[in-house]
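Notes follow the structure.
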Amino acid sequence: MQINEALTSIRGIGPGRAEMFAALGLFSIRDLMYFSPRDYLDYSVSRQISDVQHGEYAAVCVKFIGPAKSFRTKNKMTVTTVSVADDSENMQAIWFNRPYVAQLVPKETGGYVLGRMDRQHGARFINAVFVDKLPGILPVYPLAKRLNQNIIRNAVKAAVDSCVKSISETLDSDIRNRFKLAPIEFAIRNLHFPTDMNALSVARRRLSFEDALIFTIVLEIMRSGRSAANGIAFKTENTIDEFLPKLPFYPTEAQLKVMGEISEDMAHSTPMNRLIQGDVGSGKTVLALYAMFVAMKNGYQSVLMAPTEILAEQHYKQLKNIFGEKCALIVGSMSKKQGDTILAGIWSGDIIAITGTHALIEGKVKFKRLGLVITDEQHRFGVRQRALLGHKGETQDEDRYEATNFAAQDVVMANVAPDTLIMSATPIPRTLSLILYGDLDISIVDGMPPGRKPVVTHYVPKSKRVSMYRYIESCIKEQGIQAYVVCPMIEDNDEISDTLSAESVYNELKSNLSVRLGLMHGRLKNAQKDEIMTAFRAQEIDLLVSTTVIEVGVDVPNACIMVIESADRFGLAQLHQLRGRVGRGEKESHCFLLSSSQTQTVKERLKTLVSTNDGFKIAEKDLETRGPGEFLGTRQHGISEFGSASLAMDIETLTEARDAAIEIIKNPTEKNVNLIRLAKEKYHNVVSNIVIN
């Protein structure tokens, strides 16, 4: 078996199963070996039943075992149970819709039982497994349809056992010795099957360091390339004074400060490359509109890319107020006739301000004079997507000049790069910003528009849940307001019984509340989601039950209440983002955080949201308690440029990697030139045209 062979070379993986692995982005043996587990189950030692807390996974030594029993519930679910005990306590091992497990239950004591403790209904192990000996530390991988943990573990083990010794070492001995990093073979083997928790920590540190090192090398290459690139020296004198009368309000001091920074950047001949970080509701969109206004005044087109159609449509309404008929919206759901008309207008230069979704990246979208590229909600886009959109202003022009009769002065030359502006409503601590956005200049919008009231946040224990919903029902009826209820998953999962799904909460509230309800989640088609959000905006839906698809950009001023079920399943930064969907009108707004967790750590984390509305303080707390993974890729949006680096547990590792990358770029040697090559290969469509001296 060779490292670059297809997965079908592994015994037990045929073409059909290979397609299942492909859904996870896994195609080769190498892919499997670098496929990072999302968690680990420590079954290296057994524990007393009485010591296992609710929600914890554990191994228990079996001192007593009873006969297996099965019964059917009213909703036709088959439940199988068996009594298990040790010297400290009795409990039930329980399975849902798995009647066959009754045949697998041991008849005699001895051995161990593995499972997740559920203490909401007495002591019981969910989906327990009986084993003769402790299995050690088990990796837990992201799953795809018809793949379970055992299938993936067995495949990874086969790949690691056969090929780990053939992985080429990417870090030279000087770097490994300087930063005390393990060899790649040790790191890969212990990433998947660690001998102990210390070995896992060492493996994660090595892979985190390497990922951050290569990524930062790319950022430094991009920074060097941009400093040598030709940009557009926009005329910005008096543009702020001309722009302000077009707004329905006067900007905050923070907004005016950033407008000044944008003006200064755009006036330079070096391309602007600026990140605007601002808390939810701080008014970043006004700054994007200002930059687009500057581009328009200088005869250039600008484009604003948003992650969702809902957000793009909101931007389009604001563009129309500034640019009138010279703006356009491009989304995937528009008809071919609509699209062709808009594309022709962009191509001719009649349309100067464009917003849309990923559809903007498609090759069919051609610009006449693209001078400014803006991406909204940067944490939803990778550096590749940003670069691809920016290149649209650089690469199309020779073909255009050959194919048209436009005068040469109407053509943007291929070596002129558009300005880039990036917006993020995800506050990120400065130490991490330097790593994530090391190639960008950063502006902070640290003020709120007048009249924007802070959202009052409440931690709600399980015992108060029913009365909370009754209170919300009365608020909807008496005050005419609307509410969101956000759940972490779409449908129930028997293995996560203490986490409520959007479907189950919707059905529960529909049976118990006399308000108009809606249900929205990611499996709905875009047209369905748009229809639901349109109805919610039109106040035809009182209470919208949803997953996190409403996290970004949805602006409904009449929505004054946000309920977040199983809030402990979210990071603090994401909870803050969700909370930001309310508090956009004149009425006081409330956010209710629900959790059935009894652990003190969870309670303290959630109370951070209760005590402050400052997104940067919340981000610092998230970094402190959860590590940088919350910002580097564990959001499950597929946007992180990091792989193993999202496993990093400390900012120190990432900072050391950044410092090493800067040193390598400034003083490339024969030993580390291979790292520069690897970085260019991994991000070839970002840095392929950039030359490093």
Strictly below 4.0 Å, N to O, side chains only: are [X] and [Y] in salt-bridge contact?
X: Arg523; Y: Glu503; value: no
X: Arg178; Y: Glu663; value: yes
X: Glu220; Y: Arg658; value: no
X: Lys165; Y: Glu185; value: yes
X: Arg47; Y: Glu89; value: no
X: Arg605; Y: Asp568; value: no
X: Arg206; Y: Glu169; value: yes

What I'd like to find out is whether the side chain of [X] reaches to under 4.5 Å of the side chain of [Y], using heavy atoms alone.
X: Thr109; Y: Lys63; value: no
X: Phe209; Y: Leu171; value: yes
X: Val52; Y: Ile49; value: no
X: Phe125; Y: Ile94; value: no
X: Leu104; Y: Trp95; value: no
X: His192; Y: Pro37; value: yes
X: Leu114; Y: Tyr57; value: no
X: Gln92; Y: Val84; value: no

Of all the heavy-atom pairs spanning [X] and [Y], show the shortest one and how long it is.
X: Ser46; Y: Tyr112; answer: CB-CE2, 3.8 Å
X: Val545; Y: Ala502; answer: CG1-O, 3.5 Å
X: Cys163; Y: Met33; answer: CB-CE, 3.8 Å
X: Val82; Y: Gly66; answer: CG2-O, 2.9 Å
X: Ser168; Y: Ile184; answer: O-CG2, 4.1 Å
X: Ser36; Y: Pro142; answer: O-CD, 3.9 Å

Do any N or O atoms from the side chain of [X] and from the backbone of [Y] form a donor-acceptor pair under 3.5 angstrom?
X: Ser566; Y: Leu500; result: yes
X: His54; Y: Arg119; result: yes
X: Glu210; Y: Leu207; result: no
X: Arg72; Y: Val79; result: no
X: Tyr40; Y: Leu191; result: yes
X: Asn190; Y: Ala199; result: no

**Item:** Candidate pair Leu7 and Ser28, rule side chain to side chain contact (heavy atoms under 4.5 Å, CB included), full reasoning
**Value:** CA-CA 5 Å; Leu7 294 186; Ser28 68; 5.5 Å; no
**Request:** Might you work through the side-chain hydrogen bond (donor to acceptor under 3.5 Å, both in side chains) test for Gln2 and Ser166, ending with a clear yes or no?
**Result:** CA-CA 8 Å; Gln2 301 298 314; Ser166 62; 5.9 Å; no
**Message:** Tell me whether the rings of His458 and Phe592 are parallel (<30°), tilted (30 to 60°) or perpendicular (>60°).
**Reply:**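 Judged by the thresholds at 30° and 60°, the geometry between His458 and Phe592 is parallel.
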**Item:** ring-ring contact (aromatic ring centres under 6.0 Å, His included) partners for Phe35, two or more places apart
**Value:** Tyr141
Quick one: pull up [atom1] in [X] and [atom2] in [Y] and give me the separation to the nearest 0.5 Å.
X: Leu606; Y: Leu572; atom1: CG; atom2: CG; result: 7.0 Å
X: Ser504; Y: Ile490; atom1: OG; atom2: CD1; result: 12.0 Å
X: Thr548; Y: His521; atom1: OG1; atom2: NE2; result: 12.5 Å
X: Tyr459; Y: Thr608; atom1: OH; atom2: OG1; result: 12.5 Å
X: Thr195; Y: Arg189; atom1: OG1; atom2: CZ; result: 10.5 Å
X: Ile3; Y: Asp31; atom1: CD1; atom2: CG; result: 9.5 Å

Does a donor on one side chain sit under 3.5 Å from an acceptor on the other, for [X] and [Y]?
X: Ser70; Y: Thr80; result: yes
X: Thr457; Y: Arg579; result: yes
X: Asp614; Y: Thr612; result: no

**Request:** Could I get the full list of side-chain contact (heavy atoms from CB on, under 4.5 Å) partners for Ser9, not counting sequence neighbours?
**Result:** Met1, Glu5, Ile29
**Request:** Evaluate the side chain to side chain contact (heavy atoms under 4.5 Å, CB included) criterion for residues Phe96 and Thr78: first the C-alpha distance (whole Å), next the side-chain angles of each, then the deciding distance (0.1 Å), finally the verdict.
**Result:** CA-CA 6 Å; Phe96 301 96; Thr78 301; over 6 Å; no
**Item:** side chain to side chain contact (heavy atoms under 4.5 Å, CB included) assessment of Ile188 paired with Tyr34
**Value:** CA-CA 7 Å; Ile188 292 293; Tyr34 280 91; 3.9 Å; yes
**Request:** Look at atom CG of Asn148 and say whether more than 12 heavy atoms of other residues, nucleotides or ligands are closer to it than 6.0 Å.
**Result:** yes
**Message:** Does Glu656 form a salt bridge (charged side-chain N to carboxylate O under 4.0 Å, His left out) with Arg205? I'd like the steps, not just the answer.
**Reply:** CA-CA 11 Å; Glu656 288 179 346; Arg205 172 174 156 76; 3.2 Å; yes
Donor-acceptor contacts, no H, no angles, side chain residues 10-27, under 3.5 Å, sequence neighbours left out:
none

**Prompt:** How far apart are the C-alpha atoms of Asp86 and Ser88, what are their side-chain angles, what is the distance that settles it, and do they pass the side-chain hydrogen bond (donor to acceptor under 3.5 Å, both in side chains) test?
**Reply:** CA-CA 6 Å; Asp86 63 8; Ser88 70; 2.8 Å; yes
**Request:** Report the C-alpha distance between Phe130 and Val101 in whole Å, list the side-chain angles of each, state the deciding distance to 0.1 Å, and finish with yes or no for side chain to side chain contact (heavy atoms under 4.5 Å, CB included).
**Result:** CA-CA 10 Å; Phe130 289 92; Val101 298; over 6 Å; no
